[in-house]
K.L.:
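My questions will all concern the structure given below.
Any value given below was found using the heavy atoms of this structure, including those in side chains, with hydrogens, waters and symmetry copies removed.
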Amino acid sequence: MGGAVSAGEDNDDLIDNLKEAQYIRTDRVEQAFRAIDRGDYYLDGYRDNAYKDLAWKHGNIHLSAPCIYSEVMEALKLQQDLSFLNLGSGTGYLSTMVGLIIGPFGVNHGVELHKDVVEYAKERLDDFIKNSDSFDRHVQFLFCISGNCLEISSDSHQYDRIYCGAGVQKDHENYMKILLKVGGILVMPIEDQLTQITRTGQSSWESKNILAVSFAPLVPQSRTDGCKPEAVVLPPLSVRSLQDLARIYIRRTLRNLTNEEHPARNNTQRSSQKRKRRRCRRRRRINTYVFVGNQLIPQPMDSEEDECIEEESKEEEQEKDIEPVKPEEPRVNHLRDKISSLPLPESLKAYLLYYREK
């Protein structure tokens, strides 16, 4: 699936294309997409394909096309403090974007079939924590467990938002719906349609088809030798510790102070560069005809061709007058600088910085 929008040169360029094609329609979703570089979730040697609107698969590692993820993010209608369950959470790319929106007091759980992909997702998350400037937005990180999402314990708690990243058979539809709270939204591919299902009551639902898609189906648990499959127990909806809450509020207070001291940082927005469109101009040589004796002889008119050449030269001069775009200066992490300057023990500073190296 994919190919709905043009390939981008980098992550921001890809997001520009998704916005132009109306796959990304809200500021909240746009900010989440810009904060997480899709290329960071590709293996080395495959990053050149990261900014194409195409799905990518290598072994058990899989990423859906950007246009699919953007439609999913919009359809989930995410808000702060919601609980989210990602069935087939994969690399954690989508879950990390969701975490940026639901914030530190939301719940962000995932179930992934392949243990090697769970480890890969943890590596990507660790890299995000250590290196990404977007980490300074409060994010509820993915808590992912390995297991088959068709074997979730029947007494499991329910969620505000659920996404399933594999094709759901019709006979599994009600199984998915039971995991959803009243008022919640479930987005999943069913019968080749990406579908948004809203639970309007204990036994009432509203469904809406979003997009025609083609997903690999969910893998059912093997039941050989009459053995009962092991049930998947979802993580508890745990409350954060007071120590963690104190860190969140201290960072939030310091961030507000740095925003007041450096207001230009908040107003900095990506200036979308206008793409050059090629114009094909056909030049015709118009001939006039004169009689010489009894013969009709064509004579070319050079004046129109000369006029066209002069017009093109003016356009070239105008392009030369345009100043080249200056490269963006590297962003300064003012929050980190603020914490580092405080008269606190180094161990406490490291805790406030989440032990990040930079």
K.L.:
Verify the cluster assignment for I210 and L18: are they in a single hydrophobic cluster under the rule of side-chain heavy atoms below 4.5 Å apart?
P.N.:
yes
K.L.:
Strictly below 4.0 Å, N to O, side chains only: are E261 and K338 in salt-bridge contact?
P.N.:
yes
K.L.:
Report, as yes or no, whether the 6.0 Å neighbourhood of atom NZ on K177 holds more than 12 heavy atoms from other residues, nucleotides or ligands.
P.N.:
yes
K.L.:
Using the side-chain hydrogen bond (donor to acceptor under 3.5 Å, both in side chains) rule, collect all pairs that involve residues 158-171, keeping only residues at least two apart or in two chains.
P.N.:
S83-D160, H109-Y159, H157-Y159, K170-E173
K.L.:
Evaluate the ring planes of Y93 and Y69, with Trp represented by its six-membered ring, and classify them as parallel (under 30°), tilted (30 to 60°) or perpendicular (over 60°).
P.N.:
perpendicular
K.L.:
For the residue pair H58 and W56, does the interplanar ring angle fall in the parallel (under 30°), tilted (30 to 60°) or perpendicular (over 60°) class?
P.N.:
parallel
K.L.:
For residues G147 and V232, report the shortest heavy-atom separation together with the two atoms involved.
P.N.:
CA-CG2, 3.9 Å
K.L.:
Whether R34 and D16 form a salt bridge (side-chain N of Lys/Arg under 4.0 Å from carboxylate O of Asp/Glu) is what I want to check.
P.N.:
yes
K.L.:
Which pair of heavy atoms, one from D192 and one from S214, lies closest together, and at what distance?
P.N.:
OD1-CA, 4.5 Å
K.L.:
Are R124 and E119 within salt-bridge range, i.e. N to O under 4.0 Å?
P.N.:
no
K.L.:
With the 4.5 Å side-chain cut-off for hydrophobic clustering, are L180 and L237 part of the same group?
P.N.:
yes
K.L.:
Without hydrogens or angle criteria, can the side chains of Y23 and E74 be said to hold a donor-acceptor pair below 3.5 Å?
P.N.:
no
K.L.:
Could you tell me the separation between the CG atom of D116 and the CG atom of N60, rounded to the nearest 0.5 Å?
P.N.:
4.5 Å
K.L.:
Hey, what do you get for CD1 (I15) to CD1 (I24), rounding to the nearest 0.5 Å?
P.N.:
4.5 Å
K.L.:
Is the positively charged end of R247 above the ring of Y351, judged by distance under 6.0 angstrom from the centroid and angle within 45° of the axis?
P.N.:
yes
K.L.:
Is there a side-chain contact between Y42 and N49 (heavy atoms, below 4.5 Å)?
P.N.:
yes
K.L.:
Hey, what do you get for CG (D12) to CG (D37), rounding to the nearest 0.5 Å?
P.N.:
8.5 Å
K.L.:
Supply the atom-to-atom distance L218 CG to N148 CG, rounded to the nearest 0.5 angstrom.
P.N.:
7.5 Å
K.L.:
Would you say the side chain of D13 lies within less than 4.5 Å of the side chain of Y51, judging by non-hydrogen atoms?
P.N.:
no
K.L.:
Should the heavy atoms of other residues, nucleotides or ligands under 6.0 Å from OH of Y46 be counted, would the total exceed 12?
P.N.:
no
K.L.:
Where is the tightest heavy-atom contact between V219 and L150, given as atom of each residue plus distance?
P.N.:
O-CD1, 4.2 Å
K.L.:
Would you name the heavy atoms of S204 and G201 that are closest together and state the gap between them?
P.N.:
OG-N, 2.9 Å
K.L.:
Using 0.5 Å steps for rounding, measure from the CG atom of L186 to the CG atom of L85.
P.N.:
9.5 Å
K.L.:
In Å and rounded to the nearest 0.5 Å, what is the CG to CE distance from L78 to M73?
P.N.:
5.5 Å
